[in-house]
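Presented below is the structure to which this report refers.
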Amino acid sequence: PAFGLFIFTIARDPLRIIILIAGAFFWLVSLLLSSLIWFIAVKASDPQDERLQKGLLIFGVMFSVLLQEAFRFLYYKLLRKAIEGLVALSEDGCSPISIQQMAYVAGVGFGLMSGAFSMINLLADALGPGTVGIHGDSQLYFLTSAFMTMVLIFLHTFWGILFFHGCEHRRWWEIAAVVIMHLTVSGSSFCNPLYVGSLVPSYLLMAAAATWAYLLSGGSAQNLRRFLLCKC
């Protein structure tokens, strides 16, 4: 369902596709830099010290989250400049795409690239060796990983809307809320293999972020009711 966001809302608009690809590239660069720093830290440390290695893993995850949000801010600044250029080139003095639409598309770009890498890691684990649950571990690894990938794609979409709105209106607490939610979801993964400890908080945060993003985008309970009842 998450990849349907691209098919139904972005695929027909060339400008949105460009914004989405650029957003995916920004996320990819942030992952590359955070992975490089974590790799250097691991190589420079004692591989036999399990406590240290776990600490470095936690540091790598938290640093990756902060770097992703930093690149989200850089992408917002870039798109803000792009809007100014589009307005200057247009005949009517209006941009062909609003900052709210850019926020949505950029969020989908971040989410799709994040989901793609999650799927690649999942498929790599599926190649083996061994069988899931053979040593008494949970056999729900692949199922829960798929649900976690989906929620991350949706969350990145909603976070993009919230983050851009916070930047646009100088509401820094909204930006801080996005960072905190991102840290919480990423940190909950350390509860695995107790998957309830990661999936339940993530889906609750997704529901809260979705509602918040919907209201910030101009949505209302009446509009939602009319949509569900298929009324124009």
Could you pull out all residues at least two apart from Val65 that satisfy side chain to side chain contact (heavy atoms under 4.5 Å, CB included)?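 Partners of Val65 under the side chain to side chain contact (heavy atoms under 4.5 Å, CB included) test: His182, Leu183, Ser186.
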Residues in side chain to side chain contact (heavy atoms under 4.5 Å, CB included) with Ile180, at least two apart?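 Counting only residues at least two positions away or on another chain, Ile180 forms a side chain to side chain contact (heavy atoms under 4.5 Å, CB included) with Thr184.
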Kindly compute the distance separating [atom1] ([X]) from [atom2] ([Y]), expressed to the nearest 0.5 Å.
{"X": "Phe71", "Y": "Leu33", "atom1": "CZ", "atom2": "CG", "result": "5.0 Å"}
{"X": "Leu162", "Y": "His165", "atom1": "CG", "atom2": "NE2", "result": "9.0 Å"}
{"X": "Ser198", "Y": "Tyr203", "atom1": "OG", "atom2": "OH", "result": "10.0 Å"}
{"X": "Leu199", "Y": "Ser145", "atom1": "CG", "atom2": "OG", "result": "8.5 Å"}
{"X": "Leu78", "Y": "Ile19", "atom1": "CG", "atom2": "CD1", "result": "10.0 Å"}
{"X": "Trp27", "Y": "Leu32", "atom1": "CH2", "atom2": "CG", "result": "10.5 Å"}

Closest contact, heavy atoms only, [X] versus [Y]:
{"X": "Phe59", "Y": "Ile37", "answer": "CE2-CG2, 4.4 Å"}
{"X": "Leu56", "Y": "Ser45", "answer": "CD1-OG, 3.3 Å"}
{"X": "Gly60", "Y": "Trp38", "answer": "CA-CD1, 4.0 Å"}
{"X": "Tyr75", "Y": "Ala22", "answer": "OH-CB, 3.3 Å"}
{"X": "Ile175", "Y": "Cys167", "answer": "CD1-SG, 3.5 Å"}
{"X": "Ser30", "Y": "Leu67", "answer": "O-CD2, 3.3 Å"}

Report the C-alpha separation of Leu216 and Glu174 in whole Å, then their side-chain angles, then the decisive distance to 0.1 Å, and conclude whether the side-chain contact (heavy atoms from CB on, under 4.5 Å) test is met. CA-CA 11 Å; Leu216 288 182; Glu174 291 182 351; 4.1 Å; yes
Within the 3.5 Å criterion, strictly below it, is a donor on Ser217 or Tyr104 matched to an acceptor on the partner's side chain?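 Per modelled atom types, Ser217 and Tyr104 side chains form no pair under 3.5 Å.
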Side chain Ser114, main chain Phe110, donor-acceptor under 3.5 Å: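 Between the backbone of Phe110 and the side chain of Ser114 there is no qualifying donor-acceptor contact (under 3.5 Å).
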Has Arg16 got a side-chain atom pairing as donor or acceptor with Thr9's backbone, closer than 3.5 angstrom?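 Side chain of Arg16 to backbone of Thr9, a donor-acceptor pair under 3.5 Å: yes, one is there.
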Apply side-chain contact (heavy atoms from CB on, under 4.5 Å) to the pair Met148 and Ser202, showing each step before the final yes or no. CA-CA 8 Å; Met148 195 65 184; Ser202 298; 3.2 Å; yes
Check ring pair (Phe, Tyr, Trp, His ring centres under 6.0 Å) between [X] and all other residues, then give those that pass, not counting sequence neighbours.
{"X": "Phe147", "answer": "none"}
{"X": "Phe73", "answer": "none"}
{"X": "Trp173", "answer": "Trp212"}

Would you check, one step at a time, whether the test side-chain contact (heavy atoms from CB on, under 4.5 Å) holds for Val185 with Val151? CA-CA 10 Å; Val185 172; Val151 76; 5.6 Å; no
Test of understanding: clusters of I, L, V, M, F, W, Y form through side-chain heavy atoms closer than 4.5 Å, transitively. Do [X] and [Y] belong to the same one?
{"X": "Leu74", "Y": "Ile99", "result": "yes"}
{"X": "Val61", "Y": "Leu36", "result": "no"}
{"X": "Ile83", "Y": "Ile18", "result": "no"}

Taking the side chain as every heavy atom from C-beta outward, state whether Tyr76 and Glu168 have any pair of such atoms under 4.5 Å apart.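 Side chain of Tyr76 against side chain of Glu168, heavy atoms only: contact under 4.5 Å found.
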Indicate every side-chain donor-acceptor pair of residues 152-161 with a distance under 3.5 Å to a residue at least two apart or in another chain.
from   : atom 1 : to     : atom 2 : distance (Å)
His156 : ND1    : Arg72  : NH2    : 3.1
Thr157 : OG1    : Ile153 : O      : 3.0

Hey, mind stepping through Arg80 and Met102 against side-chain contact (heavy atoms from CB on, under 4.5 Å) and telling me if it holds? CA-CA 9 Å; Arg80 210 64 194 84; Met102 282 187 170; over 6 Å; no
